[in-house]
Undergrad: 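Handing you a structure now.
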Amino acid sequence: MDIHSYDVIVIGAGIVGATAAAQLSASRRVALVEAEAAAGYHSTGRSAAVWLANYGSPDAQILTRASREFLVSPPVGFSEVPLCGVRGSLVLARAGQEGALRDSMVGAVGVREITVAEARGMVPAIRDVVTAAAYEAGAADLDVAAIHQGFLRLHRGRGGVLALRSRAGRIVRVGGAWEVEVTGGAVFRAPIVVNAAGAWGDEVAVMAGVRALGLVAMRRTACIVDPAPWVVTDWPMINDMDEAWYCRPEMRTKLMVSPADETPIHAHDVQPDEYDVAVGIDAMQRALDIDVRRVERSWAGLRTFSPDRGLVVGFDRVADGFFWCVGQGGYGIQTSPAMGRLVAGLVEGKVDADLAGAVGLVDPGRFN
Ligand SMILES: Cc1cc2nc3c(=O)[nH]c(=O)nc-3n(C[C@H](O)[C@H](O)[C@H](O)COP(=O)(O)OP(=O)(O)OC[C@H]3O[C@@H](n4cnc5c(N)ncnc54)[C@H](O)[C@@H]3O)c2cc1C
């Protein structure tokens, strides 16, 4: 049998596995194994590519804010292109939603209420049904491919291995180490396994004889439309108060629209449902005067949540050396720089001060 020995095996080379592997490989020999022929084929390659300071669970918000500096000023050599660009984000409310809009701003960072006239100054297509608006100036567009490739490059540059077309199919604990057998029969052996398999996180755990968490994968749909004659290049991201839809400029002249759907579904290569696409466009058109003649492209991806919708990061309480890094929901990209640091900090027993507040919140032990 072909056995390769490492200090850590990371399963899944999406953004989460990539950032974890990159940080861990600074001090350990790390193998990153990925089932697909291309890293990022699943959720990571299908996101809306946005950074929002106040989005998601409290633990995710800590990691999101702790990731900002890296995204704005990455280390020299990490990427040849900027990782993010300031876009701004509007939230629009209709009659009856004004109170909820104000409530949502309590404790939110960098968000202020603006008049509908001010909002219309940014997005002239806003219809009269909109009665209140809030604006987050610091919201940013992310270059997901640049961030993901940057972490993969950092991992390899530090001596880490990336094994593509290598689905973990058998995971056993033998003599104080995990043995992970992948497609083709090669076996990777290490005392620590990091489960970064996204929607397949529970499947990987069960394979290793570890109790599943009850992760739920939810399909989310997005599409690209042509908003002409509107020129949308400088528009902010636009969100519905109830998260019934959102949109943002894409490729300068196009608009990405999502119905913000959350359809529980088994983990697989999800495809968009035409009905969801139509629902998203219709909901957007109730608030924005945009004539959509044609959907240019649509896609769907999985957002995977733990039972309490919080992140799950840390060693399993029962299974020695089994490290969870799952439940990234809709914030796996914007939290990614801090996530790698958190994983490495927990493995090394020395978490950075700015992440200390997240440690108790993300502990897998809360599900035991
Ligand atoms: C439409 C949409 C919009 C989104 N918008 C945003 C956004 O604006 N901002 C944001 O931060 N996040 C957003 N997200 C969420 C973000 O995309 C995810 O949180 C993130 O990609 C999760 O990364 P991951 O590495 O956990 O998952 P994945 O990218 O799915 O990676 C998991 C990997 O594990 C591999 N794998 C599974 N089983 C095995 C096995 N047995 N052996 C080996 N490999 C295995 C899979 O092949 C896969 O490549 C969005 C998601 C969607 C779908």
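From a predicted model like this one, the values you see are computed outputs, not experimental measurements. All values below were derived from every heavy atom in this structure, side-chain atoms included, with hydrogens, water molecules and symmetry-related copies excluded. Order of appearance sets the numbers: ligands from 1, and atoms from 1 within every ligand.
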Undergrad: Within the distance-only criterion (no hydrogens, no angle test), does the side chain of Arg341 pair as donor or acceptor with the backbone N or O of Ala66 below 3.5 angstrom?
TA: yes
Undergrad: Can you tell me if Tyr55 and Glu243 form a side-chain donor-acceptor pair at under 3.5 Å?
TA: yes
Undergrad: Which ligand 1 atoms are under 4.0 Å away from a heavy-atom of Gly329?
TA: 15 (C), 18 (C), 19 (O)
Undergrad: I need the atoms of ligand 1 closer than 4.0 Å to a non-hydrogen atom of Val16, numbered in the order shown.
TA: 23 (O), 24 (P), 25 (O), 26 (O)
Undergrad: Check the side chains of Asn239 and Ser89 for a donor-acceptor pair under 3.5 angstrom, ignoring hydrogens and angles.
TA: yes
Undergrad: Check this for me, if you would: do Arg309 and Glu262 make a salt bridge, where the nitrogen-to-carboxylate-oxygen distance has to be below 4.0 angstrom?
TA: yes
Undergrad: Can you check whether Asp276's main-chain N or O pairs, donor with acceptor, with Thr221's side chain at less than 3.5 Å?
TA: no
Undergrad: Is it the side chain, the backbone, both or neither of Ile11 that has a heavy atom closer than 4.0 Å to ligand 1?
TA: side chain
Undergrad: Gly332 to ligand 1: N or O pair under 3.5 Å?
TA: yes
Undergrad: Below 4.0 Å from any atom of ligand 1, is there a heavy atom belonging to Gly330?
TA: yes
Undergrad: Please work out, at 4.0 Å between heavy atoms, whether the side chain, the backbone, both, or neither of Leu142 comes within that distance of ligand 1.
TA: neither
Undergrad: So do Arg286 and Arg94 actually touch side chain to side chain, heavy atoms under 4.5 Å?
TA: no
Undergrad: Give the numbers and elements of all ligand 1 atoms closer than 4.0 Å to a heavy atom of Ala48.
TA: 3 (C), 4 (C), 5 (N), 6 (C), 8 (O)
Undergrad: Atoms of ligand 1 less than 4.0 Å from Ser166 heavy atoms?
TA: 43 (C)
Undergrad: Of all the non-hydrogen atoms in the protein, which one sits nearest to atom 38 (N) of ligand 1, and at what distance?
TA: Trp200 CB, 3.5 Å
Undergrad: Out of all atoms in ligand 1, which are within 4.0 Å of some heavy atom of Ala196? Include the element for each.
TA: 32 (C), 34 (O)
Undergrad: For residues Glu98 and Thr131, is any side-chain donor paired with an opposing acceptor at under 3.5 Å?
TA: yes
Undergrad: For atom 31 (O) of ligand 1, what is the closest protein heavy atom, and at what distance to 0.1 Å?
TA: Gly14 CA, 3.5 Å
Undergrad: Can you check which of Ala18, Ala197, Ser47 brings a heavy atom nearest to atom 50 (C) of ligand 1?
TA: Ser47
Undergrad: Could you say whether the N/O atoms of Ile15 and ligand 1 ever approach to under 3.5 Å?
TA: yes
Undergrad: Could you tell me, atom by atom, which parts of ligand 1 come under 4.0 Å of a heavy atom of Ala49?
TA: 7 (C), 8 (O)
Undergrad: May I ask which of Ile9, Thr44, Leu52, Thr64 has a heavy atom nearer to atom 29 (O) of ligand 1 than the others do?
TA: Thr44
Undergrad: Any donor and acceptor pair, going by atom type alone, linking the side chain of Thr183 with main-chain N or O of Arg167 inside 3.5 Å?
TA: yes
Undergrad: Answer yes or no: is there an ion pair linking Glu348 with Arg28, defined by an N-O contact shorter than 4.0 Å?
TA: yes
Undergrad: Distance from Ile224 atom CD1 to Thr253 atom OG1, nearest 0.5 Å?
TA: 10.0 Å
Undergrad: How about Asp242 and Gln97: does a side-chain donor come under 3.5 Å of a side-chain acceptor?
TA: yes
Undergrad: Do Arg248's NZ or CZ and the ring of Trp235 fall within the cation-pi criteria of under 6.0 Å and 45°?
TA: no
Undergrad: To which protein heavy atom is atom 51 (C) of ligand 1 closest, and what is the distance rounded to 0.1 Å?
TA: Arg303 CG, 3.5 Å
Undergrad: Should one rank Met207, Arg46, His42, Glu203 by closest heavy-atom distance to atom 1 (C) of ligand 1, which comes out on top?
TA: Arg46
Undergrad: Please work out which of Arg165, His148, Gln334 has its closest non-hydrogen atom nearest to atom 11 (O) of ligand 1.
TA: Gln334
Undergrad: Give the atoms of ligand 1, by number and element, whose distance to some non-hydrogen atom of Gly301 is under 4.0 Å.
TA: 53 (C)
Undergrad: Can you see whether Tyr41 has Arg46 sitting over its ring - NZ or CZ less than 6.0 Å from the centre and within 45° of the normal?
TA: yes
Undergrad: Salt bridge between Asp308 and Arg366, side-chain N to carboxylate O under 4.0 Å?
TA: yes
Undergrad: When you measure from atom 9 (N) of ligand 1 to every protein heavy atom, which one gives the shortest distance, and what is it?
TA: Val50 O, 3.0 Å
Undergrad: I'd like to know if Tyr331 contacts ligand 1, where contact means a heavy-atom distance under 4.0 Å to any ligand atom.
TA: yes
Undergrad: Of the choices Glu34, Met339, Glu36, Arg219, which has the non-hydrogen atom that lies closest to atom 35 (C) of ligand 1?
TA: Glu34
Undergrad: Distance to 0.1 Å, residue and atom name: give those for the protein heavy atom nearest to atom 34 (O) of ligand 1.
TA: Gly12 CA, 3.3 Å
Undergrad: Nearest protein heavy atom to atom 41 (N) of ligand 1, by residue and atom, and its distance?
TA: Ala168 O, 3.1 Å
Undergrad: Looking only at protein heavy atoms, which one is nearest to atom 44 (N) of ligand 1, and what is the separation?
TA: Ala35 N, 3.1 Å
Undergrad: What residue and heavy atom of the protein are closest to atom 17 (O) of ligand 1, and at what distance?
TA: Ser43 O, 3.2 Å
Undergrad: Looking only at heavy atoms, what is the nearest atom pair of Leu361 and Ile62, with distance?
TA: CD1-CD1, 4.1 Å
Undergrad: Which ligand 1 atoms, with their elements, are less than 4.0 angstrom from a heavy-atom of Val33?
TA: 43 (C), 44 (N)
Undergrad: Whether Asp354 and Arg65 form a salt bridge (side-chain N of Lys/Arg under 4.0 Å from carboxylate O of Asp/Glu) is what I want to check.
TA: no
